[in-house]
Chemist: 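Sending over a structure as structure tokens; questions will come in a sec.
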Amino acid sequence: MSTRIAIVTDIHHGKPSTAKRGDMALPLMEDFARYVRDGGADLVLDLGDRISDENRDTDLRLEAEVAEAFRAVEAPILHLNGNHDRDHLEVSDNEGILGQTLDHGVVDLGGWRIVLWRADTRIRRMPDYSGFVLTEPDVVWLSRTMQASDRPTLVVSHVPISGHSQLGNYYFENNPASSTYPMAERARAALSRAKVPVVCLAGHVHWNTVTTVDGITHLTQQSLTESFTTEGEPAGAMGMIELGDSFRWEVVGDDPFSFETTPRHRRWTPPLPSFADHPEARVRRAAAAAS
């Protein structure tokens with residue numbers, strides 16, 4: 001028997017901003033409530049960036065309006081914070097509005113385990129640095145959770161950690177450091193500790209992608225209100241994941257996408273060092289020089 005999970009991410013309720021059509025967020029949330037009902041979802045995952053931040057008072061109001069829109073959704077909902085949910089608000093502010101804890105969590109659903117990796121998504125804006133920070137507690141929690149998993153596992157986060165190319169991305173082609181965590185390879189190493197099949201899903205980068213790293217499939221889903229791929233109109237992206245013997249993901253809206261795989265517990269052979277630095281190559285060059 002399969003399990004169905006509806007996905008929405010990067011709602012960005014608020015004023016239109018760059019290519020984000022935040023003015024259409026609440027009407028599209030009405031469509032999402034119907035999508036969840038018609039699709040028979042067992043669970044809903046909100047991957048964060050519910051608002052386009054402005055200031056603390058405005059953000060509290062915007063978050064409350066999105067929370068109210070979620071009340072029409074007829075399925076249990078699990079939320080994650082995005083960076084825009086944290087620019088002017090604390091985790092506790094979001095918890096109070098949404099009525100649930102926003103710490104890391106694990107949910108077993110059917111034959112799969114859902115890992116809610118709610119790593120820190122606040123962007124530090126200091127004079128000498130602006131970006132995400134991958135904290136040690138977040139890495140350690142992920143590593144221990146993956147080591148303990150005893151069934152196929154879906155890891156969800158706001159920020160992707162695959163390190164996939166941002167070529168062509170409106171926001172991140174020229175700002176790739178802001179598309180992921182620094183030292184994201186440590187999070188990927190934590191994933192590799194799993195002895196079970198693993199799939200990862202994130203938002204943040206506002207496009208649909210599939211990347212495979214070390215035998216682990218990494219997905220990102222398009223924003224509900226993004227327009228850089230849809231000629232100025234909101235993408236209206238809503239996803240449905242079906243978990244069973246296989247993994248199926250479909251995104252509907254004006255930027256549709258689908259993907260299906262049978263996850264396996266296979267890890268890849270570690271990459272070679274650079275050819276110039278490989279010890280065997282140095283030995284061969286020395287031997288050639290000597291002869």
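Since this is a predicted model, take the numbers as computed values, not measurements. Residue numbers run from 1 in the order of the sequence given.
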Chemist: Looking at R21 and D23, is there a salt bridge between them, counting it only when a charged N and a carboxylate O are closer than 4.0 Å?
Modeler: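 Judged by the 4.0 Å cut-off on N to carboxylate O distance, D23 and R21 do form a salt bridge.
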
Chemist: Strictly below 4.0 Å, N to O, side chains only: are D59 and R56 in salt-bridge contact?
Modeler: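 R56 and D59: not salt-bridged.
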
Chemist: Any donor and acceptor pair, going by atom type alone, linking the side chain of R113 with main-chain N or O of V106 inside 3.5 Å?
Modeler: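 It does not hold such a pair.
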
Chemist: Charged N to carboxylate O below 4.0 Å: is that the case for R151 and D108?
Modeler: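 Here R151 pairs with D108 in a salt bridge, since their nearest N and O are under 4.0 Å apart.
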
Chemist: With the 4.5 Å side-chain cut-off for hydrophobic clustering, are V159 and V140 part of the same group?
Modeler: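 V159 and V140: separate clusters.
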
Chemist: Can a donor-acceptor pair be found between the side chains of E250 and S258 at a distance below 3.5 Å?
Modeler: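 Result is no, nothing qualifies.
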
Chemist: Does atom CZ (R282) have a neighbourhood of more than 12 heavy atoms from anything else shown, all under 6.0 Å?
Modeler: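 Check passes, neighbour count above 12.
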
Chemist: How about H206 and F228: are their ring centres within less than 6.0 Å of each other?
Modeler: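 They do not qualify: ring centres at least 6.0 Å apart.
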
Chemist: Ring centres of F132 and H204 under 6.0 Å apart?
Modeler: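 Centroid separation for F132 and H204: below 6.0 Å.
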
Chemist: Out of curiosity, does L154 fall in the hydrophobic cluster containing L78 (side-chain heavy atoms, cut-off under 4.5 Å, transitive links)?
Modeler: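 Linked within one cluster.
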
Chemist: Identify whether V8 and L62 are in the same connected component of the hydrophobic contact network (ILVMFWY, side-chain heavy atoms under 4.5 Å).
Modeler: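 Yes, one cluster joins them.
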
Chemist: Could you verify whether a donor N or O on one side chain and an acceptor N or O on the other, from E242 and W249, lie under 3.5 Å apart?
Modeler: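 No, W249 and E242 have no side-chain donor paired with an acceptor closer than 3.5 Å.
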
Chemist: Please check if the distance between the ring centroids of H84 and H12 is under 6.0 Å.
Modeler: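 Between H12 and H84, which both carry aromatic rings, the centre distance is below 6.0 Å.
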
Chemist: Any donor-acceptor pair under 3.5 Å linking the side-chain atoms of T135 with those of D138?
Modeler: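 Side chains of D138 and T135: pair found under 3.5 Å.
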
Chemist: Do the side chains of E226 and K20 get close enough for a salt bridge, i.e. N-O under 4.0 angstrom?
Modeler: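 No, this pair does not count.
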
Chemist: Assess whether a salt bridge exists between R86 and D53, defined as any Lys/Arg side-chain N lying under 4.0 Å from an Asp/Glu carboxylate O.
Modeler: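 Looking at R86 and D53, the cut-off is not met.
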
Chemist: Should the pair D46-R50 be classified as a salt bridge under the 4.0 Å nitrogen-to-oxygen rule?
Modeler: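 Salt bridge: yes.
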
Chemist: Are V36 and V66 connected into the same hydrophobic cluster when the rule is that any two of I, L, V, M, F, W, Y join if their side-chain heavy atoms are below 4.5 Å apart?
Modeler: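 They do share one cluster, since a chain of ILVMFWY contacts under 4.5 Å joins V66 to V36.
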
Chemist: According to a hydrophobic-cluster definition based on side-chain heavy atoms being under 4.5 Å apart (Ile, Leu, Val, Met, Phe, Trp, Tyr only), do V252 and I11 belong together?
Modeler: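 Yes.
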
Chemist: Using a strict threshold of under 4.0 Å (side-chain N to carboxylate O), is an ion pair present between R34 and E74?
Modeler: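 No.
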
Chemist: What I want to check is whether the side chains of T220 and T209 have a donor and an acceptor closer together than 3.5 Å.
Modeler: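 On atom types as modelled, these side chains qualify, holding a pair under 3.5 Å.
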
Chemist: Any side-chain donor-acceptor pair under 3.5 Å between D255 and T229?
Modeler: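 Distance-only check passes for D255 and T229.
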
Chemist: Taking atom types as modelled, find out whether E231 and S227 have a side-chain donor-acceptor pair closer than 3.5 angstrom.
Modeler: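 No, S227 and E231 have no side-chain donor paired with an acceptor closer than 3.5 Å.
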
Chemist: Kindly say whether the aromatic ring centers of Y170 and W207 come within a distance under 6.0 Å.
Modeler: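 When the ring centroids of Y170 and W207 are compared, they turn out to be at least 6.0 Å apart.
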
